[in-house]
2 protein chains.
Amino acid sequence: MQKQPTIRDVAAAAGVSVAVVSRVLNPGSGPVAAATRDRVHEVMATLGYHPRTAARELKHGPPTTLGLLLADVSNPFFARLADQVVQEAHSRGIQVLLMTTQEDDQLESERLSTLIERRVSGIIATPTGNNLDIWKRLQDMGTDVVFVDRSIPALADVDVVTINNVESGRSATALLAAHGHRRIAMISGPAESTTGRDRIAGYRQALDAAGLERDDLLVRSAAFRGTAGGDAMSALLNLDEPPTAVVVANTAQVTAVLGRLAHAGVSVPAELSVIVFEDSPWTELMTPPLTIVRQPIDLLARHSVRLALANPGGRTPGKPTVVRVDAELIERASVGRLKVRA
Amino acid sequence: MQKQPTIRDVAAAAGVSVAVVSRVLNPGSGPVAAATRDRVHEVMATLGYHPRTAARELKHGPPTTLGLLLADVSNPFFARLADQVVQEAHSRGIQVLLMTTQEDDQLESERLSTLIERRVSGIIATPTGNNLDIWKRLQDMGTDVVFVDRSIPALADVDVVTINNVESGRSATALLAAHGHRRIAMISGPAESTTGRDRIAGYRQALDAAGLERDDLLVRSAAFRGTAGGDAMSALLNLDEPPTAVVVANTAQVTAVLGRLAHAGVSVPAELSVIVFEDSPWTELMTPPLTIVRQPIDLLARHSVRLALANPGGRTPGKPTVVRVDAELIERASVGRLKVRA
DNA sequence: AATAAAAGTGGAACCGGTTCCATTATGTTT
DNA sequence: AAACATAATGGAACCGGTTCCACTTTTATT
């Protein structure tokens, strides 16, 4: 291990002042004779010089780092979002600091502290729903905060990028109603999540439009992670009047749900139609292939990064941007026409 | 947006010197009277002071950031690896800078430059296989480099964490042989990848052990990403003597392979047995459930992080650590006994 | 009570860049 | 050739922390 050369080493070796080297490093910041520039470049190459980001960031804050704070990267939805965000950021020369909350307030708060200390220029996050004061503080500091996939209603002036959850919930439910189903269940995210709430709102719209009766027993909240989705499914199956169709919120849940159904010997779609919010290639390979609500992850990522870098050094207050992109309902065999009982 | 308070603002407000505030910030770095400490803490709270990481890192390098350089986070294997690495790093108070190469040398080289400029203390990477000089330079600089999942044979003194690919390839192949298969194919990663090479070595060991003839036509290299796996499968089906069993390298490939098989009307396992290197819950939900080689991603992550933080400020040369963890073969219905032709 | 040891504090240099401003070299205009 | 604009360069302050060392105050020792 050798000590790293500094800008002064380069200056000395090239026989110029550090100011000149700095100008070579930042083209456009001042005039440098072509011959000098070339010589300095040469010296930098032979010395293996690389300017230290930490030092550069000292003077003026870094518009060079973004924080990406997700619930959980093992969830394929978030994983793909992370992938797209990283690509999009890299294409703009921005680095991404990845953090996870595990849906835990306390962890979220710790992560946010480190992001504050790093003075990141922007944060893209799936908020847990708490830590309101910290989010506010971040905005006061001039950090561009963007909520993606969900939001916090109490924080009115934060940029938000989501899919149109109301419409998605509505169209999925409407599809099931159109297939003759009258007992349609929904396994949704936690009650606090805006995502879940909006989808349920759409679900109710569709029921009303189809003239179907609402039954709150058919709407179940379950944690996004773990096997809670399976328990919700079991509860639904044990109802006096079990549903003939169900809309499920995400991958982890549908995995648990399908496992439970297989175990209980319930066949899809003959006995139960299934729609899931998801966008993995494997949904098509299952037996039966799953009807899905496809979320345009690339659009979510692109808009998020754009907003997170939009106002370097402070946003204009009072005008939050809300982007809602449309999800796409893709019909496959897991939805079937309701059979009239024999 | 308000200007952020600095350590001098805190010192002034608390009526002490910056040295004292710094000592409060870094417990153990020097004596501070309890009363003073409390007062300073109070001032920091009311001022909303947060020390800037960039400034702290200037003095002595940062053992506080890790670079995680993966091919691609949309691949579930890497996504889960990222998730575990982030969790493991966070539990040690370390932050993770996430980057992707898309398996592209050029991009990899750019990402590495950024990591050099940030003076990260360690890098966990799935190398593309090129940029040898940059990897060497990083080690010279004292950066802890850890290759995970694959390695570069030409770089002998880099720490490596992988699964035991030879043994995995061998046991998967042996299982198929034990079921009576004599024409066993392997769809592997690119020929350059150590992962693919090792698995093929194991595959050959198993063939030899079972007294089966090697046929190079049955071994196909395909890119890890995209639909190349499907093309390889098609080619295998079109052989004069097509295989009756196949081992597939990863998720993206098996997705393409199964799609192709469904399209071609080949049934699994009746006409073709399938084993895949994968570890997603959904492999169990498919029809038929897939036999898999499960990779212990949490162990890979834990060892990688440990090694990447092992030698803060320079590794002892000449003693690279190589960790090989065992993968687990999980038998499910996608492997069947070879039927003798009628 | 005299003296030594320890605790608490502050001044100032330092990390490695950027940038303002003064100074010198070069080139243009008449 | 004189006068002036412009290009090229260097000196030094600055960003916001850390740390060495000197100095003062408190506590312990005999």
Side-chain angles (χ1 to χ4, degrees), chain A residues 2-41 43-44 47-65 114 116-120 141 313, chain B residues 2-41 43-44 47-65 114 116-121 141-142 313:
Chain A
Q2 69 215 22
K3 213 165 128 281
Q4 288 299 111
T6 75
I7 196 173
R8 290 168 225 268
D9 297 328
V10 174
V16 295
S17 72
V18 294
V20 172
V21 179
S22 177
R23 271 178 229 126
V24 173
L25 244 30
N26 307 54
S29 65
V32 179
T36 311
R37 176 165 34 76
D38 295 347
R39 186 153 37 88
V40 171
H41 272 136
V43 170
M44 295 196 302
L47 258 54
Y49 170 75
H50 290 271
R52 264 180 77 163
T53 308
R56 305 185 102 155
E57 289 186 349
L58 241 197
K59 197 81 177 174
H60 305 300
T64 157
T65 310
T114 60
I116 289 177
E117 292 175 3
R118 299 237 171 196
R119 302 290 195 274
V120 294
M141 289 175 50
Chain B
Q2 69 214 25
K3 211 163 130 284
Q4 287 300 110
T6 75
I7 195 174
R8 290 168 223 270
D9 297 326
V10 175
V16 296
S17 73
V18 294
V20 172
V21 179
S22 177
R23 271 179 229 124
V24 172
L25 246 29
N26 306 53
S29 66
V32 180
T36 311
R37 174 163 36 75
D38 295 346
R39 185 153 39 88
V40 171
H41 273 137
V43 170
M44 294 197 301
L47 257 53
Y49 169 76
H50 290 270
R52 265 180 75 164
T53 308
R56 306 186 103 157
E57 290 186 347
L58 241 198
K59 196 80 178 175
H60 305 301
T64 156
T65 311
T114 311
I116 290 177
E117 292 175 3
R118 299 238 170 193
R119 303 289 195 275
V120 294
S121 52
M141 289 176 51

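Numbers restart at 1 for each chain; the letters A, B, ... are given by sequence-line order, proteins then strands. These numbers come from a predicted model, not from an experiment.
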Between [options], spot the one nearest the side chain of [X], thanks.
{"X": "A:I7", "options": "C:dT19, C:dT9, C:dG17", "result": "C:dG17"}
{"X": "B:A19", "options": "C:dG16, D:dT19, D:dG17", "result": "D:dT19"}
{"X": "A:V16", "options": "D:dG10, C:dT9, C:dT19", "result": "D:dG10"}
{"X": "B:K59", "options": "C:dT9, C:dC15, D:dG16", "result": "C:dC15"}
{"X": "A:S22", "options": "C:dT18, D:dA8, C:dT9", "result": "C:dT18"}
{"X": "A:T36", "options": "D:dT9, D:dG17, C:dT9", "result": "D:dT9"}
{"X": "B:R56", "options": "D:dT19, D:dA12, D:dG17", "result": "D:dG17"}

Between CE on residue A:M44 and CD1 on residue A:I7, distance to nearest 0.5 Å: 9.0 Å
Distance in Å, A:D9 CG paired with A:L47 CG, rounded so as to fall on 0.5 Å steps: 6.5 Å
B:I116 side chain reached by B:M141 side chain, heavy atoms, under 4.5 Å: yes
Any B:T64 side-chain heavy atom under 4.5 Å of A:R118 side chain: yes
D:dG17 OP1/OP2 closer than 4.0 Å to side-chain N/O of B:H60: no
5'-most by nearest nucleotide on DNA chain C - B:V18 or B:L58: B:V18
[X] [atom1] - [N] [atom2] separation (whole Å):
{"X": "A:R37", "N": "D:dA8", "atom1": "CZ", "atom2": "P", "value": "10 Å"}
{"X": "A:R8", "N": "C:dG17", "atom1": "CZ", "atom2": "P", "value": "8 Å"}
{"X": "A:Q4", "N": "C:dG17", "atom1": "CD", "atom2": "C1'", "value": "15 Å"}
{"X": "B:R52", "N": "C:dC15", "atom1": "CZ", "atom2": "C1'", "value": "14 Å"}
{"X": "A:Y49", "N": "C:dG16", "atom1": "OH", "atom2": "P", "value": "10 Å"}

Donor-acceptor pair present, A:R23 side chain and D:dG10 base, under 3.5 Å: yes
Kindly list each side-chain donor-acceptor pair under 3.5 angstrom involving residues 21-38 of chain A, sequence neighbours excluded, with atom names and distances?
residue	atom	partner	partner atom	Å
A:N26	OD1	A:R56	NH2	3.3
A:S29	OG	A:N26	O	2.7

Sugar-phosphate only, base, or nothing, as touched by A:T6 at under 4.0 Å among non-hydrogen atoms: sugar-phosphate
Close residues, residues 24-32 of chain B, relative to DNA chain C [heavy-atom separation under 4.0 Å]: B:P31, B:V32
